[in-house]
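Ligands are counted one by one from 1 in listed order, and the atoms in each one are counted from 1 as well.
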Amino acid sequence: MAEVSRIFHSTLIPTFSTLPHLTLNSPRSQFQPRRSTIHCSISTTGDATRIAISWGCDVDSLENAAALQKWLSESGLPPQKMAIERVEVGERGLVALKNIRKGEKLLFVPPSLFITADSEWSCPEAGDVLKQSSVPDWPLLATYLISEASLMKSSRWSNYISALPQQPYSLLYWTRAELDRYLEASQIRERAVERVNNVTGTYNDLRLRIFTKYPDLFPEEVRLPSMEGRVALVPWADMLNHSCEVETFLDYDKSSQGVVFTTDRPYQPGEQVFISYGKKSNGELLLSYGFVPREGTNPRDSVELLLSLNKSDKCYKEKMEALRKHGLSASQCFPLQITGWPLELMAYAYLAVSPPSMSRQFDEMAAAASNKTTSKKDIKYHEIEEEALQFILDTCESSLSKYTRFLQVMEVFQLGKWINGFGYDISQAAEPEVVSETVSSRLVYK
Ligand SMILES: C[S@@+](CC[C@H](N)C(=O)[O-])C[C@H]1O[C@@H](n2cnc3c(N)ncnc32)[C@H](O)[C@@H]1O
């Protein structure tokens with residue numbers, strides 16, 4: 001169960017958020033067996049000339065969502081205590097229709113409604129080719145979805161496909177220039193670039209290895225979106241939005257043989273019901289799901305702060321040696337959270353600012369800065385504490401200075417407040433410009 005739970009937790013929702021279009025297989029019985037072809041051309045880059053298949057709807061369309069809901073009930077989804085509605089957080093979401101108790105299990109989506117790598121293809125030959133070529137789950141499912149979308153109304157999944165957001169919020173749609181500009185100083189920028197390259201690379205690989213070799217099965221350009229891990233798509237369950245306050249997540253329930261989640265709080269009729277997409281930072285949420293939670297609502301938010309020894313430090317060599325001994329280097333990243341920073345960061349700061357007269361403490365400091373050692377972490381050197389805090393503050397300021405536009409609206413002095421424990425949320429600096437500009441059309445940030 002733990003494994004299933006992990007898989008569902010980490011892959012179900014990303015699936016939805018990163019794939020422009022999703023699908024499932026159609027049972028042969030519903031169709032005339034035929035040698036259909038995947039005839040489509042879908043762009044993840046916004047190249048309008050490539051879009052050939054009509055699918056999906058506006059992110060807030062309720063019409064298609066209602067059709068989805070009706071189709072799901074006719075296809076085996078048991079009666080629900082929730083309905084799809086327009087919501088404040090996440091455009092559309094599941095809202096309680098009745099009182100829901102804490103600890104209640106909801107959803108019960110049966111496996112017949114899941115979309116997995118084992119789902120039956122309407123074009124079985126195309127499925128066979130991909131499987132024989134050991135195509136990983138993600139690109140396999142993406143191709144599957146596209147193939148079903150190309151069948152339009154005749155696909156068993158047409159109601160599902162039509163209810164998916166046509167243009168999901170995703171960093172995959174950002175151009176390289178936009179990623180560079182708006183995520184300029186965030187670690188998420190590199191990871192987003194990597195992810196886009198991964199998607200493009202996988203698509204190019206498939207095109208070279210498979211699509212061009214079977215032009216009758218894959219006659220046109222098929223652009224594939226993101227992939228990551230194993231995959232299952234679960235209609236209905238993927239209408240649930242994320243809340244940082246909620247601890248509960250999707251799971252496979254062996255006894256009922258369906259996808260469920262257990263509420264961790266009661267809901268009253270009209271309230272939006274949430275799950276957790278995981279304990280992720282704002283950057284991670286942006287990367288995987290294309291949104292940033294409302295400011296200050298994510299206690300798990302964090303940014304990496306890079307601390308470095310000063311090369312002109314008289315004791316640079318000795319400090320370096322001490323750090324090396326404990327598996328650290330002259331530049332080291334530490335997570336800064338909305339709730340504070342790790343003791344290791346403070347220990348590193350002590351080491352960075354300590355004068356030659358404290359050389360006997362270098363080892364103790366380096367050990368405390370390493371998360372690999374079990375040595376005492378909570379070290380304190382009152383004589384250099386202020387200097388160490390100033391060092392952290394300076395590093396924060398220099399890190400923030402990369403967010404040029406951000407600094408125009410956020411006075412640096414607020415950093416001082418934060419560092420003195422007033423709770424300034426430095427983590428919002430993760431994607432500050434994203435919040436302010438481009439993203440009005442792409443990123444949900446309210
Ligand atoms: C699994 S879908 C949830 C259903 C989606 N709201 C819909 O209407 O199709 C995940 C997407 O919902 C949106 N979303 C989920 N939780 C959100 C939140 N807390 N704030 C803003 N958007 C959210 C994001 O666009 C995300 O990529």
Side-chain angles (χ1 to χ4, degrees), residues 8-23 44 55-69 72 80 82-95 106-107 109 114-115 141 145 159-174 192 195 225-226 228 231-250 259 261 271-301 431 434-435 439-446:
F8 272 92
H9 192 217
S10 62
T11 63
L12 261 175
I13 300 303
T15 307
F16 191 87
S17 66
T18 51
L19 291 174
H21 322 335
L22 318 181
T23 310
T44 57
W55 74 341
C57 60
D58 288 344
V59 280
D60 61 351
S61 164
L62 284 188
E63 219 173 85
N64 299 28
L68 169 70
Q69 209 166 325
L72 286 169
Q80 297 288 311
M82 298 172 294
I84 302 174
E85 282 180 23
R86 206 162 278 148
V87 288
E88 253 185 48
V89 176
E91 320 258 358
R92 292 175 310 182
L94 294 187
V95 169
L106 297 173
L107 296 178
V109 183
F114 299 177
I115 302 169
L141 262 194
L145 293 170
N159 282 300
Y160 180 52
I161 293 163
S162 309
L164 296 169
Q166 205 164 64
Q167 177 86 16
Y169 301 110
S170 169
L171 292 186
L172 289 177
Y173 293 101
W174 293 24
R195 196 162 287 194
S226 164
E228 192 177 77
V231 192
L233 302 173
V234 183
W236 188 248
D238 61 18
M239 277 293 161
L240 284 161
N241 292 318
H242 165 87
S243 165
C244 301
E245 287 165 23
V246 163
E247 295 278 339
T248 181
F249 50 86
L250 298 174
V259 161
F261 79 97
E271 263 188 274
Q272 184 177 183
V273 179
F274 292 100
I275 53 166
S276 167
Y277 293 0
K279 293 171 179 170
K280 296 179 187 323
S281 68
N282 287 359
E284 293 276 354
L285 288 168
L286 177 68
L287 186 65
S288 294
Y289 310 104
F291 72 90
V292 174
R294 208 183 298 247
E295 185 179 350
T297 59
N298 184 2
R300 314 280 170 188
D301 194 16
E431 272 73 42
V434 169
V435 172
V439 205
S440 39
S441 62
R442 295 177 161 182
L443 180 64
V444 179
Y445 181 87
K446 292 171 182 161

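- The shortest side-chain heavy-atom distance between Cys244 and Pro299 falls under the 4.5 Å cut-off.
- Proximity to Tyr169 (heavy-atom distance under 4.0 Å) selects the following atoms of ligand 1: 25 (O).
- A 4.5 Å side-chain heavy-atom check between Tyr173 and Pro168 finds at least one atom pair inside the cut-off.
- Checked by atom type, the side-chain pair Gln80/Trp236 shows a donor-acceptor distance below 3.5 Å.
- Ring centers of Phe261 and Phe249: at least 6.0 Å apart, outside the cut-off.
- For the residue pair Asn241/Gln272, the side-chain donor-acceptor check at 3.5 Å is satisfied.
- Taking a 4.0 Å cut-off on heavy atoms, Met239 registers as neighbouring ligand 1.
- Here the side chain of Asn159 pairs no donor or acceptor atom with the backbone of Leu72 at under 3.5 angstrom.
- For Leu240, the heavy-atom gap to ligand 1 drops under 4.0 angstrom.
- Remark: among candidates Glu88, His242, Gln272, Arg92, the nearest residue to atom 16 (N) of ligand 1 is His242, based on non-hydrogen atoms.
- At under 3.5 Å, a nitrogen or oxygen of Gly90, whether backbone or side chain, sits near a nitrogen or oxygen of ligand 1.
- Judged by distance alone, the side chains of Tyr160 and Asp238 do bring a donor and an acceptor atom under 3.5 Å apart.
- Heavy-atom proximity to Asp238, at under 4.0 Å, picks out these atoms of ligand 1: 1 (C), 2 (S), 3 (C), 4 (C).
- Summarising the contacts of atom 17 (C) of ligand 1 with Tyr289, Phe291, Phe274, the nearest heavy atom is found in Phe291.
- For ligand 1, the atoms sitting less than 4.0 Å from at least one non-hydrogen atom of Asn241 are 3 (C), 4 (C), 5 (C), 6 (N), 12 (O), 13 (C), 14 (N), 15 (C), 16 (N), numbered in the order shown with element in parentheses.
- If you number the atoms of ligand 1 from 1 as listed, the ones under 4.0 Å from a heavy atom of Tyr277 come out as 1 (C), 2 (S), 3 (C), 10 (C), 15 (C), 16 (N).
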TODO: Kindly indicate, with the supporting measurements, whether the criterion salt bridge (charged side-chain N to carboxylate O under 4.0 Å, His left out) is fulfilled by Lys279 and Glu247.
DONE: CA-CA 9 Å; Lys279 293 171 179 170; Glu247 295 278 339; 3.7 Å; yes
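- Remark: ligand 1 atoms within the under-4.0 Å shell around heavy atoms of Val89 are 18 (C), 19 (N), 20 (N).
- At a heavy-atom distance under 4.0 Å, only backbone atoms of Val59 (N, CA, C or O) approach ligand 1.
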